[in-house]
Structures are given as C-alpha cells and as structure tokens.
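Scope of the values below: all heavy atoms of this structure, side chains included, with no hydrogens, waters or symmetry mates.
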Number of protein chains: 2
Amino acid sequence: MPGVRSLNRHSPNTLMIRKLESIFKLTDGEKRVLQDLPVQVESLRAEQDIIRIGERASRSCLLLEGFTCVYKLTSEGKRQIMAVHVPGDMPDLQSLHLKVMDISIASIGPSVVGFIQHDDLREACEQYPRLTAALWRETLVDASIYRDWILNIGQRSAYPRVAHLLCELLIRLKAVGFAEDDSFHLPITQAELADAIGITPVHMNRVFQALRADELIEASRGKVAILDERRLREEGDFDPLYLHLINSVSA
Amino acid sequence: MPGVRSLNRHSPNTLMIRKLESIFKLTDGEKRVLQDLPVQVESLRAEQDIIRIGERASRSCLLLEGFTCVYKLTSEGKRQIMAVHVPGDMPDLQSLHLKVMDISIASIGPSVVGFIQHDDLREACEQYPRLTAALWRETLVDASIYRDWILNIGQRSAYPRVAHLLCELLIRLKAVGFAEDDSFHLPITQAELADAIGITPVHMNRVFQALRADELIEASRGKVAILDERRLREEGDFDPLYLHLINSVSA
DNA sequence: CGACGCCTTGAAGGCGCTCAATCAACGTGG
DNA sequence: CCACGTTGATTGAGCGCCTTCAAGGCGTCG
C-alpha cells in the first residue's frame, strides 16, 4: 500500500505554480491559494493504478515525481496507452468536471503524486477565476497532445512514430527540468512503449535497434539519451507547436 | 465566398443552450446571456477550411448544420482527421484559451456555422461561472473522444475500427436529433472516412463492402443506415461511456 | 543458483498498402 | 439530348510492414 511522505525540497504545489506561471504571472493572492491547497502526497509503486475506468473521482492528482500514463483496454485485453505524464502534469484533472472516469491512470515506475480534493480546487477557482482559465488551458493542451497522437499513430509508420514520441518526451521533460543533456530517466519497458505507440513489443524492439543503429538514441535500463535531436525530429516529423509551450527555447 | 444568412427555425444559439441544458438546468439569466450572444452565421461550401493550423483565433464557432472535422497533415502530405463534429458541437472552442491553432478545421459537405467572439464568450462566462464549467466540460468530452480514437486506431484492425466510428456517429447524431431510424445523412467520401480511421481509401472501400455483406450497414450517396446497432457495437467493441452523454437512452 | 522479467532474435504469414485500371453517377456545354 | 470531364466507388494483383509464435539470452534478486 502507498505510504504517505512529505517532499523534501519543495512544497508539493510548487511544481504546479511554476507551470501555471509560465502562462501568466500569478498574483500573490493566487499563489497563496495554490500554496495553501491541501495536498495529500502518496508514493506509488511501479505499475500501480491510481484510478480505474468506471470509478467516480472526488479528487485529482498532481504528478510530483516519476511518470504516469492514461490507458484503456479493448475487450480483447489489448492495452493502449493514450498519454504519458511528466512531473507537474495533472493526469486526471478532467475528473473535476467528468466525474466518472472513462480511462484508467497508472504509474509507470515508482512515482509520487499529490491528491487535491475537487472541492478545494473548485473553491480556489471560484475565488480566482484566472486559475480556472489556467487549469482549463492545461486540459486543452492535453487534448492537443491527444490529437497529435492520433496523427502519429494513424499516419506514420513505426519508426517515425517512436522518434516522434521520444521528441515529445524530451521536450516536455526539459520544460520541467527533468532532462539534462538531452537525456532522461524513463523507467518504462519496451512493451509499455509499444502499447503507447500502437505496435507489438517485438516490433518496438526492432525499431529501437534501428534508432540505435542510426545513432539517434541510446537506451538502456530506464535511461534514454537523445544523441541527435535535430535528426530525430526530422525522422519523427516532429513540430512542437502542439505542445503550446510558452517560454521554451526549443519550441 | 460564404454567404451570410439567418436560420429559419431557431435562433442559432438554441442548439447550444439545449446541449448545455442536458448537463444542468440553466437559470433564466444564463439562458438569456447565451441567447443574447452575438452570433455571425455563415454558410460553408463542402471542404472549406474554417481555420488553419498556425493561425490565431479571436472567435470560436458553433456548428449549426452539417459536419466539420479537425485535421492535420504530416510533412508527407498525409491527412489525419482527428474528430468529426455534429450540429451543436463547438469545433474550435479550445481556441478560447489556446490562441494559436494546432489544427485545421474544415467543413465536410455544405455546412452552417455561427461565429462567436471570444470576448463575448469570456464576458458571459465571467458573469455566469457555471457557463465556464459547462463549456470546459464540453472540451473535456472532446478530449475523451480523442482518447477513444487513439485506442481505436492504435489497437483495432480496420473492420472494427470503422464499426466503432459508425457507432459513435450514430449515437452522437441521435443525441441531437439528427438521426432518425438509426440512419443519418453523412455527406462524406470514403476517402475522408479513411483519413479519419487511419487506413487507405482502397481498404476503406473493402471494409465497407464487408460491413454491407454482413448486413450491418447500408450506405450510398451520403446516406448511412445502421441495420443492426447491437451487432455493430459488438463488432466495433463499442462502449459509449466515453461520450459522457447524460440523458441518453442508448448510452 | 534458480527464477523471473525483460530484451533479443528467427521464421512464417497476414493485413493493409501501392499502383493501376475500370465503373458508375452526375453536371456541363455544345 | 448526347459527348465529355470529373469525382468517387470498385476491383485486381503484388508486395511489404508488422504480427504472431516461439525460443534463447541476459541481468537482477531472492
């Protein structure tokens, strides 16, 4: 069972505040409300469900460390991962207005999340309408990423698809300071990546080998290094417009 | 160029009001604000872009008649359609908070849309915060549909994929009263459907023939009839949960 | 050291693609 | 009223990306 612990460096909400601030300057009042939001921090093991499809949510979570993903199963038991979250993301913010979950959310690798009650969130938004706008915007960016995944899976072959996903992860991790030197820690199996890309684990492996052979990436035991980002973007037909990043150099 | 005309039966916003009312009862004040929202109605030819990727939007549109779709092109010129809208939908509501478009939106077949200035929308939302919630919810349902498309394209083969899409269209059209007798008018070419499903026009054609041979659908010249919805849902592994419909019999 | 999880590799087959030609429906102009 | 062009649906043949089904390798951990 998940233990409760306190974060060492920052208050849990610091990540969220920093992220929202990249959109527009928050007033002191807005910052204070966010800072005072009660957050229940929990550590998760790898592959642990946070919430499952069909359940009703009364709180949303903020990812603090590690990774989470959105997934869904077909009736035949095939899994599709529709999104991967990096620290600072709110994986199930949508449940604020869509009570019953249409997806499941799980941790990838060991992670730390903070739960915020919907009532608290709603109250903060009522007090400071710009928070509503900022959170709404977050969900809109999520939607934009979904759209790009549809394009990626629907129109590109396996190799560029993987390249595209890696470009996205790199830029998003850079944006929150979790990728140094174009390399990042990603405790995800090839099988899971395959589920996100819509291909077979076997084929995922072959694509990875091709990417390594082409000297685009290095990958081993949870560590991914992008060797040539420019060329990887070309191969993956990657344009970061859809991420709607603001103060980003690489975007 | 698109002509401007007035709608015969209802005020343009009636559709939107009816839709939002399915979520929660609107107060008279809320209804009045919506009713008074200045709407610029325009008729569109088939295949006409409403807004293109990279452009900045200062207004959003409400689909009144016909169909629109969200699409994006790869650098190789392949097109993926990520969403199809039915009357009552707001195809680019997202631009309210994401100014620069990450997608293009176009009409499918001749359509009628109403444009609403963002400033007007924002003002209405500030006056009546529940409108904000309702519109936010709309965009969240859009996102849920995107997710399901990722699952559909990523994990299912062509035949169930098409079945799934047809189920979705039927139920959404029913919800706004645009599908009588499990059949609906859909002025879309097989090539366009193929772009939405992520397959080739040629293969789309073969899947259609299979669906007809299995007596699941009838389709000719812009008219689609669902002959056996229960079985089509089975074949398409369709569960309408993700549509988050409220007062719907079939959901 | 044995078991387990994950990565890797091989071979065979199928789903969907590509390329191309034909057909059907419709609108247009002569 | 018909020849013609255009657009979309249909069909065929061949090929290739990716899947499926295995088996084997390798590192980690009890």
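- Comment: A:E168 engages A:R172 in a salt bridge, judged by a side-chain N to carboxylate O separation of less than 4.0 angstrom.
- Distance CD1 (B:I188) to P (D:dG8): 12 Å, rounded to an integer number of Å.
- In terms of phosphate contacts, A:Q190 brings no side-chain nitrogen or oxygen within less than 4.0 Å of OP1 or OP2 of C:dG5.
- Non-hydrogen atoms lying under 4.0 Å from DNA chain D are contributed by B:V202, B:N205, B:R206, B:Q209, B:R212, all within residues 199-215 of chain B.
- Under a 3.5 Å cut-off, the side chain of A:S220 and the backbone N or O of A:E218 do not form any donor-acceptor pair.
- No salt bridge links B:R161 with B:E235; every basic N to acidic carboxylate O contact stays at or beyond 4.0 Å.
- Between B:D239 and B:R233 there is no salt bridge, since no side-chain N of the basic residue sits under 4.0 Å from a carboxylate O of the acidic one.
- Ring orientation note: the planes of B:H164 and B:Y242 are close to parallel, at an angle under 30° on the 30°/60° scale.
- When the side-chain nitrogen and oxygen atoms of B:R221 are compared with OP1 and OP2 of C:dC26, one or more of them lie within a distance under 4.0 Å.
- In the region residues 146-159 of chain B, proximity to DNA chain C at under 4.0 angstrom, judged on heavy atoms, holds for B:S157, B:A158.
- Using a 4.0 Å cut-off between charged side-chain N and carboxylate O, A:E215 and A:R231 make no salt bridge.
- Ion pairing between a basic and an acidic side chain is recognised when a charged N comes within 4.0 Å of a carboxylate O; B:D182 and B:K174 show such pairing.
- The local environment of CD in A:Q209 is crowded, with over 12 non-hydrogen atoms from other residues, nucleotides or ligands closer than 6.0 Å.
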